[in-house]
Amino acid sequence: MVDETFDVVDDQDRVVAQAPRREVHAKKLLHRAVHVLIHNEAGQLFLQRRSLIKDTFPGCWDSSCSGHVDAGENYLTAARRELGEELGWRDTTLPLRPLLKLSASPETGYEFIEIFVLGPISGPFELHPEEISEGRWIAPEELDAWLKKSPAHFASAFRLLWQYHRAVVLTAIGF
């Protein structure tokens, strides 16, 4: 795997340096990431199960699409790039809607995370096997029960997002 370069940011999400991924993660430096929540007409969310070869939260369920913001890249550009890399969607006209931004914390992996919403869309998806082992649609009430029963099945940033911002997500998807 090529060691990507990320922007290192301060506690106000201002770029202060650049460093390789390995160093950013090892030193727990603040950096940036994106998550995209895709929903369908029925109000279900598409979740991805992270590949077992991922360095963080392997095999855990997560947002529809997620990834780091590369050095010099903005959040929206990163979200569009990740949609192409993970789900095979390279259409730069997709109507991504910014939803909210999570502050960097241990739960987010020291990432400021911009959350986008996309939908209603039902696919098709081309899951990249090095990124995603599987995906599934899930109703919000089913997700609530699953998270309550088995929180360790989910990546920590997704747990944080759903725990504190569930109502904002459901309003954005019209549920």
Side-chain angles (χ1 to χ4, degrees), residues 1-9 18-39 44-71 73 75 77-90 96 99-118 123-140 142-166 169:
M1 175 184 253
V2 175
D3 200 13
E4 304 156 287
T5 301
F6 300 152
D7 285 332
V8 176
V9 298
Q18 293 181 338
R21 173 191 183 112
R22 184 179 328 109
E23 179 182 341
V24 168
H25 284 173
K27 293 182 178 179
K28 299 179 180 177
L29 301 174
L30 302 182
H31 57 294
R32 296 172 170 167
V34 293
H35 284 225
V36 179
L37 297 172
I38 299 173
H39 67 95
Q44 297 173 312
L45 292 172
F46 182 80
L47 297 185
Q48 64 155 287
R49 187 169 188 199
R50 296 169 61 81
S51 165
L52 291 173
I53 63 171
K54 298 295 280 183
D55 61 347
T56 58
F57 298 100
C60 288
W61 291 90
D62 205 347
S63 299
S64 310
C65 172
S66 62
H68 289 100
V69 177
D70 289 339
E73 196 173 40
Y75 286 104
T77 301
R80 292 191 186 287
R81 177 180 49 76
E82 289 293 340
L83 281 167
E85 289 177 7
E86 294 190 352
L87 301 177
W89 286 18
R90 290 176 172 70
L96 286 170
L99 182 63
L100 59 97
K101 187 175 182 181
L102 299 178
S103 295
S105 68
E107 293 81 14
T108 67
Y110 303 94
E111 297 168 346
F112 284 93
I113 302 176
E114 184 84 27
I115 312 293
F116 294 88
V117 174
L118 178 61
F125 304 116
E126 295 174 22
L127 306 182
H128 189 294
E130 291 181 16
E131 300 283 342
I132 302 172
S133 62
E134 64 181 299
R136 67 172 287 200
W137 292 101
I138 189 166
E142 184 182 354
L143 179 56
D144 291 337
W146 188 11
L147 271 162
K148 185 175 182 179
K149 180 181 176 189
S150 305
H153 289 185
F154 296 86
S156 66
F158 183 79
R159 288 193 310 259
L160 181 74
L161 166 65
W162 197 252
Q163 179 180 1
Y164 292 106
H165 304 288
R166 177 187 185 278
V169 172

* To do: Describe, in one word, how the ring planes of His31 and Phe6 are oriented to each other, choosing from parallel (under 30°), tilted (30 to 60°) and perpendicular (over 60°).
  =>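 The arrangement is parallel - the two ring planes meet at less than 30°.
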
* **Intermediate values then yes/no, side-chain contact (heavy atoms from CB on, under 4.5 Å), Gln44 and Ile138** => CA-CA 5 Å; Gln44 297 173 312; Ile138 189 166; 5.9 Å; no

* Under 4.0 Å between a Lys/Arg side-chain N and an Asp/Glu carboxylate O for Arg50 and Glu131? ->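 Answer for the salt bridge query: no.
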
If every non-hydrogen atom of [X] is compared with every non-hydrogen atom of [Y], which pair is closest and at what distance?
| X | Y | answer |
| --- | --- | --- |
| Glu82 | Ser66 | OE1-O, 3.3 Å |
| Val69 | Val34 | CG2-CG1, 3.9 Å |
| Ser51 | Glu130 | CB-O, 3.4 Å |
| Pro20 | Asp3 | CB-OD2, 3.1 Å |
| Arg80 | Leu96 | CG-CD1, 3.7 Å |
| Glu114 | Tyr75 | CB-CD2, 3.3 Å |

Heavy-atom side-chain proximity of [X] to [Y] below 4.5 angstrom:
| X | Y | answer |
| --- | --- | --- |
| Ser105 | Tyr110 | no |
| Phe125 | Ile132 | no |
| Ile115 | Leu161 | yes |
| Val36 | Val117 | no |
| Leu160 | Thr108 | yes |

* CD (Glu134) with more than 12 external heavy atoms under 6.0 Å ->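 Above 12, so yes.
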
* To do: Could you tell me whether Lys28 atom NZ has more than 12 heavy atoms of other residues or ligands within 6.0 Å of it?
  =>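 12 or below, so no.
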
* Between Trp162 and Phe154, is the gap from one ring center to the other below 6.0 Å? ->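 Ring centres of Phe154 and Trp162 not closer than 6.0 Å.
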
* To do: Test His68 against every option in Glu4, His25, Arg32 by the side chain to side chain donor-acceptor pair (under 3.5 Å) rule and name the one that passes.
  =>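 The side chain to side chain donor-acceptor pair (under 3.5 Å) with His68 is passed solely by His25 among Glu4, His25, Arg32.
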
* Asked: Where do Asp62 and Arg49 land on the salt bridge (Lys or Arg N to Asp or Glu O under 4.0 Å) test, with the steps shown first?
  -> CA-CA 6 Å; Asp62 205 347; Arg49 187 169 188 199; over 6 Å; no

